[in-house]
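First comes the structure, then the notes that go with it.
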Amino acid sequence: MRFSMMKSVFLLGLALAVSAHSGDIKGKVIFEGTPPPEQPIRMTGDPKCEMIHKGETLMTTNFVVGPDKGLQWVFVYLKEGVSGEFPPPKEPVVLDQVGCHYVPHVFGIQVGQPLTLRNSDPLLHNVHIIPKENKEANIGMPLVGDLPHVFDKPEVMITIKCDIHNWMYAFAGVMPHPFFATTAPDGAFEIKNVPAGDYKIAFWHRRMAEQVLDIQVAEGPMEQNVTFNESMIKGRKKKAE
Ligand SMILES: [Cu+2]
């Protein structure tokens, strides 16, 4: 009895000690040089999409660089060093198809966390999920509404495309833990409550080789910036996607 009480107190103390030692990783992803220009998306394949965007041209979003060189749509995640179980959140991540475009373009989600595939357009889309580790899926969505999906294995990154509208692409990072983020329009990101320890942090961008850095997280906030540049761009495609 006494031993089990002592054990409980010890375990409680251990849990508090572990939870007290965590830090937040804040940073900014910078792009140095001249980014390749975005291409106008020609929606001629579907007059209904053209109608939605009457009078405006939607551009590709491969290199969205802000005024301070911040690079958007970089998926930042802890690639190695995380241990323990992290139950997936119950709140779904929403991937919206709106104006014949995916919102968001790049996102992270945990294994087992619900993904809501949303069609906000009154026209037919199909969500073609093309993974290497998870199951492939090709889901027709002829009507406005939601459909559920879930990934059962970690995988960085999964391509999602619409076979009807060949310019529609989204990218999903499926993680076994909650330590990931996508950069904002100013290139900023934040990963909160990371247990103190040594990790490899990775920065994925669709058009450039992934960068991986060693970091040490201690209690409290820390800053980790990274720079991409022109020379890191993989084979340039001319076609608008
Ligand atoms: Cu579509």
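We count residues from 1, following the sequence as given. Counting starts at 1 for both ligands and their atoms, in listed order. Remember, predicted model here, so these are calculated numbers, not experimental data.
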(message) For the residue pair R207 and F228, would you count it as a cation-pi contact if the rule is NZ or CZ under 6.0 angstrom from the ring centre and within 45 degrees of the ring axis?
(response) no

(request) Start with the C-alpha gap between N119 and Q97, add the side-chain angles, then the distance that decides, and say whether side chain to side chain donor-acceptor pair (under 3.5 Å) holds. (result) CA-CA 5 Å; N119 186 1; Q97 300 157 96; 4.8 Å; no

(request) Round to 10° and report the angle made at the Cu ion (ligand 1) by ND1 of H125 and SG of C162. (result) 140°

(request) Tell me whether C100 has at least one N, O or S atom under 2.8 Å from the Cu ion (ligand 1). (result) no

(message) Would you say the Cu ion (ligand 1) has H165 as a near neighbour, meaning an N/O/S atom of that residue under 2.8 Å away?
(response) yes

(request) For the pair H165 (side chain) and C49 (backbone), establish whether a donor and an acceptor sit closer than 3.5 Å, ignoring hydrogens and angles. (result) no

(message) Salt bridge check, K48 against D121: does any charged N sit closer than 4.0 Å to a carboxylate O?
(response) no

